[in-house]
Amino acid sequence: MEEISAQFPILQTRAHGRPLVYLDSAASTQQPEAVIRAVSDYHRHHHANIHRGVYQLSQTATHLYEDARARVAGFLGAAEPAECIFTSGTTAAINLVASAWGRASLAPGDEIILSVLEHHSNIVPWQLAAEASGARIKVIPINDAGELDLDAYRALLSPRTRIVAINHVSNALGTINPVREIIAEAHAAGALVLIDGAQWVAHGPVDVQALDADFYAFSGHKLYGPTGIGVLYGKRRLLETMPPYQGGGDMIERVTFARTTYAPLPNKFEAGTPHISGAVGLAAAIDWIETIGLERIGAHEQSLLRHTTGRLAEIPGLELKGTAREKSAVVSWVMVDPPIATLDVATQLDLAGVCIRTGHHCCQPLMDRLGVSSTARASMGVYNRKEDIDRLADGLAEITSAALKRSRASVAHIVPEPTPDVLYPAAVAQSPEAAAEEIVELFAFLPDWPMRHQHIIDLGDQLPVMPASLKSAANAVSGCQSTVHIAARLKPGTDDVIEFLADSDANIVRGLIALLQQLYSGQPARAILDFDAEALFARIGLDENLSMTRRNGLASMIQRLKQLAQQSAG
Ligand code: PMP
């Protein structure tokens, strides 16, 4: 197992000058040389559209695509390849079932059972189906360890239950759910079961027939394969009675304007040209995994999980989220004492070459249940080694000891809370453009991300205090990774100059707020509306290291400011 990482070209690269440690396999696994080569060979030698051409190339491409389906069927233990529909991923697979099966099968008063552990892609499609049909959603609760409450599940099952949609493994906590039992109980109540297998298939064997799953979904990119390809397994008798999901080429038998008849399985559910090279890459990934064996992979990852849990237990102030007895190699945590925003944890680990994920992991209902807005998560794959975990733990220990020093220093200088009036920052330049030029000049002296990062953190340290009274729900802006509050006002004595205070739990965001204040605070509404701060952040190279639009609420903050400016500009 120690040599497996050598087969992954990306794992031989460096990040910020350090050997890359990749601990985000629950988001996407990396691809081994064998998969990269299979996809590249396909593009170099075999590409053509499938199912249509009589020429050799098209026949070969068709053969490769259908052969990939047969490999998937073998991998899942399906009765036949036609029960395996290629989709763009788990999300598309669940949407297919919720939409096509839901349209034909759900009626007002029917019930759909989900769990608190679900990914948004196993929640929102069912909400859409429920809205369209009048069905209702019931939710299985969890205990504090992150395990499903099976008694509550049994109590929710009733003759009204039409489907139970549940993940095999939770992406946010790593809980492995007792899917065999869940399926058996649902069947006894006359309900179908869809298993979201996105987080299981790369970590242990699956046999859809032994499980008796009605539907099973997974994504190639979490299985050492390419993105944009995934699979929906469905029992033939169910798929046959379902209407098509999308219409188009390849899914028909005969089209007239009066009436269209549909192709048999699996084509009925594969409208349009599919991701042929993705299917080829997925088959190569399955072959590659099978040469190692999922039992061995699982055992290796369990040993990494034990090592990680032990090392993280040594970090002061670290609180694990998700301590189920049956867990896959996913570890989630928050830093509570001293509190350190997960965004800061991930940003600083990145500087040490360690990739982890932070945020709500597309599981906002679960975060609500845990009482946090985000967690930091390390998730392991076949290529990780104990040394990777040690790099993570050492990085966390450094971050914690630096934060402890900072918090001791700030306790030593407690200052009375100043009145907000004094503190709203005035304009630092004639216009946002002029302020931007000063920022650009300064950043020109900071050639790399570690230096820019430090500068931003320093700026955040000097941010004017935002009084607690202004940190209200009305002043909160939603960001995926941190909590942000912003309070703006018209400068007294003016009717169009806007000043604002803002704050965040993440130091990196505090620094970005300081930059926004330099650009906008004290400027006229019209100037605020006309200036594009995101373009400036790209100009000073921040977009390479911080995804502005999705991750840190920065874009929502700019939007909020512009809304306020719009109101006062009339
Ligand atoms: N379900 C779970 C449990 C997942 O972890 C993910 C991906 N994070 C998905 C569904 C969605 O997968 P995809 O984005 O590949 O469609």
Side-chain angles (χ1 to χ4, degrees), residues 22-31 72 85-99 114-128 139-140 142 146-148 164-177 179 182 193-204 206 213 215-233 245 274-275 278-279 281-282 285 301 321-322 324 326-332 355-367 374-381 480-481 550-551:
Y22 188 73
L23 292 170
D24 196 18
S25 292
S28 254
T29 44
Q30 297 296 349
Q31 295 171 32
V72 166
I85 313 294
F86 281 121
T87 66
S88 63
T90 308
T91 305
I94 299 172
N95 273 281
L96 191 163
V97 178
S99 173
L114 310 177
S115 90
V116 175
L117 290 176
E118 299 318 306
H119 188 279
H120 295 165
S121 62
N122 198 26
I123 299 175
V124 186
W126 298 110
Q127 289 175 325
L128 295 171
V139 184
I140 310 170
I142 53 169
E147 294 164 325
L148 293 180
V164 177
I166 220 95
N167 62 41
H168 201 150
V169 174
S170 150
N171 62 308
L173 302 184
T175 312
I176 301 175
N177 290 317
V179 287
I182 289 170
V193 180
L194 175 142
I195 302 292
D196 167 356
Q199 295 295 341
W200 173 255
V201 285
H203 309 286
V206 57
F215 300 104
Y216 197 99
F218 74 90
S219 302
H221 69 99
K222 296 184 198 284
L223 187 71
Y224 308 101
T227 55
I229 187 82
V231 173
L232 170 69
Y233 159 82
Y245 176 43
H275 187 4
L282 176 57
E301 291 173 350
K321 293 288 173 191
E326 297 290 328
K327 268 189 71 161
S328 74
V330 171
V331 181
S332 248
C355 311
I356 62 151
R357 176 77 193 275
T358 56
H360 53 58
H361 314 292
C362 300
C363 293
Q364 281 178 334
L366 173 60
M367 296 296 122
S374 78
T375 70
R377 177 190 76 184
S379 55
M380 289 139 245
C480 161
Q481 305 250 341
R550 285 197 60 203
R551 295 187 58 194

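Counting starts at 1 for both ligands and their atoms, in listed order.
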### Query
What's the verdict on side chain to side chain contact (heavy atoms under 4.5 Å, CB included) for Phe86 and Val231, showing C-alpha distance, side-chain angles and the deciding distance?
CA-CA 5 Å; Phe86 281 121; Val231 173; 4.1 Å; yes
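With hydrogens left out, the protein atom closest to atom 10 (C) of ligand 1 is Ser121 OG, 3.0 Å, a heavy atom. Annotation: atom 16 (O) of ligand 1 to nearest protein heavy atom, Thr91 OG1, 2.5 Å. Of the protein's non-hydrogen atoms, the one nearest atom 2 (C) of ligand 1 is Asp196 OD2, 3.4 Å. Atom 4 (C) of ligand 1 has His119 CD2, 3.4 Å as its closest protein atom, hydrogens excluded (heavy atom only). Nearest to atom 5 (O) of ligand 1 among the protein's heavy atoms is Gln199 NE2, 2.6 Å.
Residue-ligand proximity: Lys222 is placed with a non-hydrogen atom under 4.0 Å from ligand 1. The shortest heavy-atom distance from Gly230 to ligand 1 is not under 4.0 Å. Heavy-atom separations between Glu118 and ligand 1 are all 4.0 Å or longer. For the pair Asn122 and ligand 1, no heavy-atom separation below 4.0 Å is found.
Side-chain atoms of Arg357 do not come within 3.5 Å of backbone N or O of Ser379 as any donor-acceptor pair. Looking only at distances, a side-chain donor or acceptor of Thr29 sits under 3.5 Å from a matching main-chain atom of Tyr224.
Shown here for Val116 and Pro365, the closest heavy-atom pair between the two residues is CG1-O, 4.2 Å. Contact detail for Ile229 and Gly278: the closest heavy-atom pair is CG2-O, 3.6 Å. Taking all atoms of both residues into account, the shortest heavy-atom contact from Glu147 to Thr175 is CA-CG2, 4.1 Å.
Near Ser219, with a cut-off below 4.0 Å to any heavy atom, the atoms of ligand 1 are 12 (O), 13 (P), 15 (O), 16 (O).
Side chains of His361 and Thr375: a donor-acceptor N/O pair is present below 3.5 angstrom, by distance only.
Proximity of His221 to ligand 1, defined as any heavy-atom pair under 4.0 Å, is confined to the side chain (atoms from C-beta onward).
Only one option out of Thr90, Asn177, Asn122 pairs with Asn167 in a side-chain hydrogen bond (donor to acceptor under 3.5 Å, both in side chains); it is Asn177.
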